[in-house]
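Quick notes on the structure that follows.
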Amino acid sequence: MRTEVKSTCCYCGVGCGVLIETEDGAITGLRGDPEHPANRGRLCTKGASLHQTVDSTYRLFFPEMRARRGETGQRVSWGQALDDAAERFADTIRQHGPDSVAFYISGQLLTEDYYVFNKLAKGLIGTNNVDTNSRLCMSSAVAGYKQTLGADAPPCSYADILNAKVIFISGANPAIAHPIVFRYIEDARAANPDLKIIVADPRRTETAEIADLHLPIKPGSDIALFNGMLHVLMAEDLLDQCYIDAHTSGFAELAGIAKNYPPERVAELCGIPAEAIVQAARWFGASKASLSLYCQGLNQSVHGTHNNVGIIHLHLATGQIGKPGAGPFSLTGQPNAMGGREVGGLSNLLSAHRDLANPEHRAEVARLWGVSDVPAKPGKSAVDLFKALKSGEIKAVWIACTNPAQSLPNQAGVREALRAADYVVLQETYGNTDTAEFADLLLPASGWGEKHGTVTNSERCITRVRSAVAAPGEARHDWEVAVDFARRLGQKLGRDDVDRLFPYADPEAIFDEHRESTRGRDLDITGLSYALLETQGPQQWPFPAGASAGKVRLYEDRRFPTADGRARFIPIEHQPVAEITTPEFPISLLSGRMRDQWHGMSRTGTVPRLFNLEDEPLLAMHPCDMRHRGLASGDLARVSNGRGEMTVRVSERAGLVKGRAWMPMHWGGQFMNSPGANAVASDAIDPYSQQPELKHAAVQIAKLDLPYPLAVLRRCASQSEALALLQRARTMLSAFPYVTVGLYGRTSPLVVLRGAAGEPVADAHLLALDRLFGLDGDDGAIVYVDATRRINKKAIAQDGRLLGVRLAGETLAQAWLKQAMAEDELDASLIRFALAPTAKPPVSMVARNIVCKCADVSDDQIQKELAHGADLPQLQQTLKCGTFCGSCVPDIKRMVAAHPPNMAAAA
Ligand code: SF4
C-alpha cells in the first residue's frame, strides 16, 4: 500500500519538511512538504534525492565486536555488545575516574537522542566530557549570541528575508549550502528590485553572483570589516543613538576602538577598496530593515566568536533587530545543531540553555534529574577531547552519528588519538565511514526515514520527525541504545537509581522531560507537545504554556536576557588568522561545500547522480598561482603543510583572488587516498567557543609529475551493484600515488576510478584492476597496447553495449566516455572509439554536462534554446530547468549571460 509520511530533510539546518512516500514497507519516493513553513514544498537537489540514499549496501545490520581494530567484526547480540561496553566503561571509570571516558555525538541526532546522551554523561557518569560535531559548526554563533544578546537564540525567521531591504551575507554561501534560504533571497529580490545584497566572502561564490556589492575580504579579516563599517556608521550619523542609549551597554568603549578603523586602514586589513566599505556601511545603516545571514565563514575561525559579535554590533548600533526584515541571523549547518544546543549537548552547556559554569544552573539541572549534583569541571570540547584521547587522559570514547576521522581538522593527530584509545564504540548507520576502522565495537543505528522524534531548524522551528519505515536488521534508534547502555552501566557502577533516571519507553517521554527543563527559560516550550506538533504542525520557540503560537521574532520588546535587560557591545579588535601565509606556505587554502554533496558523503556519496557536478575533488586555483607553479587545469599537485599532505587535481577557477585556493570539504578517505582537506586543516581553536579554524590553512602547493594516468569506468545494472563495486574499488585507494573513486550516473550508474603513477602500471596490476572491475575476460573485449609508449587499454562490451573501459598510460577519452556510458549512448557501432586517443567524442555523439539535475537538463539542451534567443524565464518554461530546487539557477544565469544575444531572434 502507498502512503506518505511527514518528516524532515536530514541535511542542512534550513530544516525543510518532506513527505516520504512508502510502498510495502520501503521508501519509494519523496517530495517537499507544501505545508512545512521552512520550505513550502520546495527542496534542493540533495533533499530531493534523499529517497535514493536508502540503499542498504553499506548499512550496519547487527552489533559487531572486533578482536582487533580494522578487522572484520564478530556478530554479537545487543545484550552482549552493550554488556561488554558497559563493563569496559565501568572498569575505566572505576580505575581512572569519570573524566576518563567521553562521548562524541552529532548535530544530526534528534533532540531526544541528544538529551539522553547528555544525561548519561553529566547525570549518570558525572563527566561533562560530552561534545558534538556541532562544535565544528555553530559553537561560535552560540558564544556570539550569548556575549551580546545574553542568550543563544537566533532572533529572526525566514519570513524576515522577504521583508529585508538590505541583506548582508557574510561567510556564508546559501546558494550552495542553504539552497532553500537562497530561494527566499531570490524571491525577495524579485519582489523588491531595490533590495541591496552585500556579500562578504574571500571568494566570489555562487551567492556573490547576485550581490550588488561583493567584498572579497582577506581570510579572517571579518572583525576589521565590521569595526570599519561601524566607524562609517558613526562618522555618517547612521547610528540609532536612542536604541543604543536605551537598550544596550558598552557602546562607548567599542566606539573608542572603532574610531581606529577608518575605511583606509580597513581597506588595507581586508584587501578591498575603502569605497566598498563605506558603501556597505551606508546601505546597511540607511536601510529601513537590514538583515545579516552568516555561517561557517564567520564561525570556523580562531576568532569566530568575535566575528559573530562584530556583525551583531552593527545591528545593535543601528537598531536593526527585533523588527520585520532585520536582525543577525546565523544559518545552522546541521539539521539539528539547534536541538543539540537546546538540550545542552556541548561540554560547557546544560539543558535548556543553562551554563555549566553557573552553580545555580547546575543545581537546577541536578534537581530536575534527581541527582546529587552535576560536575562543575568543564568537559573537553571536540578538538581537546581527541587530544586528551591521544595523551591517554581520556581512555574510552563513544562516538555516535559522526565521522571524526574525516571531519575534524589535523587528521594525523585525530587518527593517532583513535589508535591510542583503549576502547572506541561507534554507533552508526553506515559501516564504511573512515571512523569505522578504529572501532572496537560497532553498533547499528536507525537512519533517515526510520527515526522518530523532533528537530529544531535555524529559525527555532521544532518539527516532528516520523518513521516512514522500520530500521533494517537489528538497527536500533540512537536514544534506545543510549538508554539501554545507561541502565547496564548504572548497574555495573552499583547505582540504584538508573531506572528512575532513564525511565523512557519512547521518545515522547524524553521530549516531555526536556520540555519541563525549559520552563521559565528563554526557550520555554512548556506549551508544546507531540500532540500539538502533530495537529498544528511545526512551531517556533519560545512557546510557553498558555501560548497559542511561537515567536516569529525575538527582542521586539527591546529587552534582552541579560542581568540588566540590555544587549552588550564587546570591545573587539582585528585579529589575524591562526596561520599567516609565509614564503614557505604561501597559499591560503579555503574550504567549503558543493551543491550536491553533504559533509563526508556517507549518504550523498551513495547516489550516482549527485556526482555529476564533480566526481573528483578539485583544487580551485587562481591562474597566476597556477602559472607560477607550471600548473594547468587537470594537472596534479601536492598540497602540504606541517600537519599533512594530499594529492589533488587542480582546476583554474574564476572568483579567487591570487594567493587563495579553495577545495570542497566533502572528500575523505573513502573516495581519495588521503583524509581530504582536513589533512592540512588547522586545529587552532577560538578561546570562547573552542571552534577550530577549519576554514583556513596556510599551505604549499607544488606540481606533481605522475606521467602515467589511469582511468576505469564501469557501467552497473543497479545502484546496489555500483555501491558493492565501489566498495571493492576502495581496496585500490592505496595502490597508486594518486587515486580517487566515485560514482556517476544518468540512465546507468557508473563506478569511476582515476589514478596516476610515476611509473607505468605493471601488467599484473592492470590484470588485478581488470578482475576487480569485471573486465578481465576476452568475451566482447577490445584491447589496444602500445608497448613503446606504455599505453594499455581495454574495453568490454556486453549485449552490444559498452560495459567498461580501463585506460592506462593515456586517458584522453575518459570524459566523453563517462558521459556516453552514463547515457547508454555507446552502441556496438561506436564501441571501437572507446580506445581512441581523443578527448573528442565521435562526431555522431554530443558531449554534454547535466546542469539541472532535478529536470535532467544538459548544457547542450540549454545552448540550443539560447541559440534561439531564450532567456532564463523561457528556459524555465520550455525545459523546466531551474524550476525545482533552483540550485542550478546561478549556473543557468551564467550561461545566459555568456551567450551572445541572438540578433535574429531579437529582431
Ligand atoms: Fe535539505 Fe536542501 Fe532543505 Fe537543506 S535546503 S534542509 S539540504 S532540502
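For reference, positions follow the sequence shown, starting with 1. For ligands, and for the atoms within them, numbers begin at 1 and follow the listed sequence.
By the criterion of a separation under 2.8 Å, the protein N/O/S atoms near atom 2 (Fe) of ligand 1 amount to C44 SG.
Between D212 and R189 there is a salt bridge, with a side-chain nitrogen of the basic residue lying less than 4.0 Å from a carboxylate oxygen of the acidic one. The residues R59 and E450 are annotated as salt-bridged, a charged nitrogen and a carboxylate oxygen being separated by less than 4.0 angstrom. The pair D596-R609 does not count as a salt bridge, with every side-chain nitrogen at least 4.0 angstrom from each carboxylate oxygen.
The ligand atoms of ligand 1 that sit less than 4.0 angstrom from a heavy atom of G15 are 6 (S).
Counting only heavy atoms from C-beta outward, the side chains of L879 and I862 approach each other to under 4.5 Å.
Cation-pi contact between R464 and Y530: present, with separation from the ring centre below 6.0 Å and deviation from the ring axis of at most 45°.
Between K6 and the choices E534, E35, H36, the side chain to side chain donor-acceptor pair (under 3.5 Å) rule is met once, by E35.
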